[in-house]
Each structure stands twice: as C-alpha cells, then as structure tokens.
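Here's the structure we're looking at; comments come further down.
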Amino acid sequence: MSRYAISDIHGCIKTFKALLKKLNFSASDTLFLLGDYVDRGPDSRGVINHILTLQKDGFDVRCLRGNHDQMMIDALTTNMEAQSRWLRAGGDTTWDSYYKKAPKAIPQAHLTFLQQLPYYLETESYILVHAGLNFKAFDPLFDKESMLWIRSWYSRINTFWLNGRIIVHGHTPISKSIIQARFKHIETCPAIDIDAGCVYRKKGMHHLCAFNLDKQTFTFQENIDN
C-alpha cells in the first residue's frame, strides 16, 4: 500500500498512464491528484475519463481543484468573457479534445466532477493543495482563491501553524533538479512543489512527477504526448 501525489497533468493522458504504470499503481494504493487536469495538453477529455474510470473500478483516487479546472467551470457556467479567458489560457486544446471526439457536448459527468472538486485535503502529515496557502490570512484554509492561484509564498510559511505538516502542491512549474534540491531543505521550508512542467519544453521540465508520501521519494515520467 502506497500513497502518491501527482499534479498538473494538463491533458497529457499518455504520460499520466505511463507514470501510473511506472508506479505499479494498484487498487491497494491511494492517489492524490492536485488539480489542473485540463488545458494545454492534447487530451483533457481522456484525462478526466481515465480518472472517472479508475474511481468506478474501485481505485482510491482523490482529486483536488486547480485554477485551470476552475477556469473551465467558469467558462461553461458563467459568461462569454470567462469562456474567452479560458480559451486564451489553453482551453482551446480542451475544447478540441471534446468537440472533435464527442461533438454533442461536454458530458455532464465531467462537469459535475469538476464542480465537486475540493480545494484542499489534509492527512496527518500533509496538506495537499493545488497552488499553495496564503499565510497572510487569519486561517490559510479559508482563502480558496489563493489555493488556486498563489505563487511566491514560501517566505511567509508559518511552521507553528503547520504543526509538523508538509504542504504538497503544484501550479508553479519547476525543473526536476529544483524539485529534488528543494526537498533537501524540507525541514526549514516544509513545502514540496511537484509540478515538473509536463507541458513545457524548457530545460529540466517536460515531465510529470509523482511524490510518494510514505517513502518521500519522487518518480518522473517524461512527456510522451507531444
């Protein structure tokens, strides 16, 4: 039995499946997905389909909300301005993944999945969130907007408030080497960014990262989607 965290899949279904295979992910394991299932990569529809299939088949997959997931919700449920903003931010590839393969509509089950996503999850040792926490707030767990969008927040981490827990998040893409280097300082900076920039071809990125919450090890899968 193992617990893994993965973030920022961004429509890269082949890479996602390859990483799960590399982990030997099984029904006895737990998988935490930290948001941004959609946009920029080629098959957002396939990613959500696969997550729902895993859950239906009895796999313990627990999912959080990311900023791109929120933009998709807003685009489909509010107004044209929100739709335009989503399409400019990478939603065009998500749109194509649905309407080229299933011309009728985005399935209600997919929209319901996105709308019901929580903003964070807690375990005894970790707080799992998409982007991070706003430690300027009286209670960082009340600021939902920051959980989706915040960057450059490590200097404000309140270790007393965390009480020994570690924050695991994505949202801000960094290279494999930086992910591993920062982990060496986990005692003084209890936060782990596991967004290895799957959809970016920058040096050291273009990978999907899985963090083993029990062994505190990283597994990387190079992007094989694009």
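Count residues from 1 along the sequence. Everything quoted here is computed from the prediction, not taken from an experiment.
Under a 3.5 Å cut-off, the side chain of Asp29 and the backbone N or O of Ser26 do form a donor-acceptor pair. A donor-acceptor pair is defined here as one N or O able to donate and one able to accept, closer than 3.5 Å; no such pair exists between the side chain of Ser84 and the backbone of Glu81. One N or O on the side chain of Ser97 and one on the backbone of Thr94 form a donor-acceptor pair closer than 3.5 Å. With hydrogens and angles ignored, the 3.5 Å screen pairs no side-chain donor or acceptor of Lys22 with any backbone N or O of Thr219. Under a 3.5 Å cut-off, the side chain of Thr93 and the backbone N or O of Pro42 do not form any donor-acceptor pair.
Considering every non-hydrogen atom in both Cys209 and Ala196, the closest pair reads CB-CB, 4.1 Å. Closest approach of Met205 and Gly197 over heavy atoms only: CB-O, 3.8 Å. Contact detail for Trp153 and Ala191: the closest heavy-atom pair is CH2-CB, 3.9 Å. Heavy-atom minimum distance, Leu64 versus Tyr119: CD2-C, 4.0 Å. Closest approach of Cys189 and Ile157 over heavy atoms only: SG-CD1, 4.1 Å.
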- Message: The test is side-chain hydrogen bond (donor to acceptor under 3.5 Å, both in side chains); show your working for Trp86 and Asp39 and say whether it passes.
- Response: CA-CA 9 Å; Trp86 174 54; Asp39 299 349; 3.0 Å; yes
Q: Could you check Ile167 against Tyr126 for side-chain contact (heavy atoms from CB on, under 4.5 Å), going step by step and ending with a plain yes or no?
A: CA-CA 6 Å; Ile167 303 166; Tyr126 296 97; over 6 Å; no
**Study point:** Full working for side-chain contact (heavy atoms from CB on, under 4.5 Å) between Cys63 and Val61
**Key:** CA-CA 6 Å; Cys63 303; Val61 182; 3.9 Å; yes
Next on the checklist: Run the side-chain contact (heavy atoms from CB on, under 4.5 Å) test on Arg65 and Gln70 for me, step by step, so that the C-alpha distance in whole Å, both residues' side-chain angles and the decisive distance to 0.1 Å come before the verdict.
Outcome noted: CA-CA 7 Å; Arg65 180 182 308 232; Gln70 185 63 55; 2.7 Å; yes
(Q) I'd like to know whether Val168 forms a side-chain contact (heavy atoms from CB on, under 4.5 Å) with Val129, so could you lay out the CA-CA distance, the side-chain angles of the two residues, the decisive distance to 0.1 Å, and finally the verdict. (A) CA-CA 6 Å; Val168 183; Val129 65; over 6 Å; no
> Going through the distances and angles, do Ser175 and Ser177 end up as a side-chain hydrogen bond (donor to acceptor under 3.5 Å, both in side chains)?
Replying inline: CA-CA 5 Å; Ser175 68; Ser177 59; 3.0 Å; yes
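Counting heavy atoms from C-beta on, the side chains of Leu114 and Met72 come closer than 4.5 Å. In this structure, Asn79 and Gln83 have side chains that are not in contact, with every pair of non-hydrogen atoms separated by 4.5 Å or more. Taking 4.5 Å as the limit, every side-chain heavy atom of Cys198 sits out of range of all side-chain heavy atoms of Gln221. Between Tyr154 and Asp193 there is a side-chain heavy-atom pair separated by less than 4.5 Å. Counting heavy atoms from C-beta outward, His169 and Leu133 have side chains that stay 4.5 Å or more apart. At least one side-chain heavy atom of Phe183 sits less than 4.5 Å from a side-chain heavy atom of Ile192. Using a 4.5 Å cut-off on side-chain heavy atoms (C-beta onward), Ile48 and Val38 make contact. Residues Asp8 and Pro173 are not in side-chain contact: their nearest non-hydrogen atoms beyond the backbone lie 4.5 Å or more apart.
Distance check, rounded to the nearest 0.5 Å: CG of Leu162 to OG of Ser125 gives 12.0 Å. The structure places CG of Leu117 at 14.5 Å from CZ of Arg62, a figure rounded to the nearest 0.5 Å. Rounding to the nearest 0.5 Å places NE2 of His206 at 6.0 Å from CD of Glu222. To the nearest 0.5 Å, the span separating OH on Tyr4 from CG on Asp214 amounts to 8.5 Å. Between the SG atom in Cys12 and the CG atom in Leu19 there is a gap of 11.5 Å [rounded to 0.5 Å]. Interatomic distance, Asp143 CG to Lys136 NZ, rounded to the nearest 0.5 Å: 11.0 Å.
Linking ILVMFWY residues whenever their side-chain heavy atoms come closer than 4.5 Å, directly or via other members, leaves Ile127 and Phe142 in distinct clusters. Note: the hydrophobic cluster containing Leu208 does not contain Ile224 (ILVMFWY, side chain heavy atoms under 4.5 Å, direct or indirect links). In the hydrophobic cluster analysis, where Ile, Leu, Val, Met, Phe, Trp and Tyr join through side-chain heavy atoms closer than 4.5 angstrom, Phe16 is grouped together with Tyr98. Each of Leu31 and Ile194 belongs to its own hydrophobic cluster when Ile, Leu, Val, Met, Phe, Trp and Tyr are linked at side-chain heavy-atom distances under 4.5 angstrom. Under the 4.5 Å side-chain heavy-atom criterion for Ile, Leu, Val, Met, Phe, Trp and Tyr, Leu148 and Ile73 are members of the same hydrophobic cluster.
Look at Glu124 and Arg165 and you find no salt bridge, because none of the NZ, NE, NH1 or NH2 atoms lies under 4.0 Å from a carboxylate O. Ion pairing of Arg45 with Asp43 is absent here, as no side-chain N (NZ or NE/NH1/NH2) approaches a carboxylate O to less than 4.0 Å. With respect to the salt-bridge test (charged N to carboxylate O, under 4.0 angstrom), the residues Asp225 and Lys14 do not qualify.
A side-chain contact (heavy atoms from CB on, under 4.5 Å) with His130 holds for exactly one of Asp195, Asn67, Ile150, Asp69; it is Asn67.
Side-chain contact annotation: His207 with Asn223, donor-acceptor N/O pair under 3.5 Å absent.
Remark: Arg156 is not positioned above the aromatic ring of Phe135, lacking an NZ or CZ atom under 6.0 angstrom from the ring centre and at most 45 degrees off the axis.
Residues Tyr37 and His68 place their aromatic rings such that the two centres sit no closer than 6.0 Å.
The aromatic rings of Phe211 and Phe218 lie tilted to each other, with the angle between the two planes from 30° to 60°.
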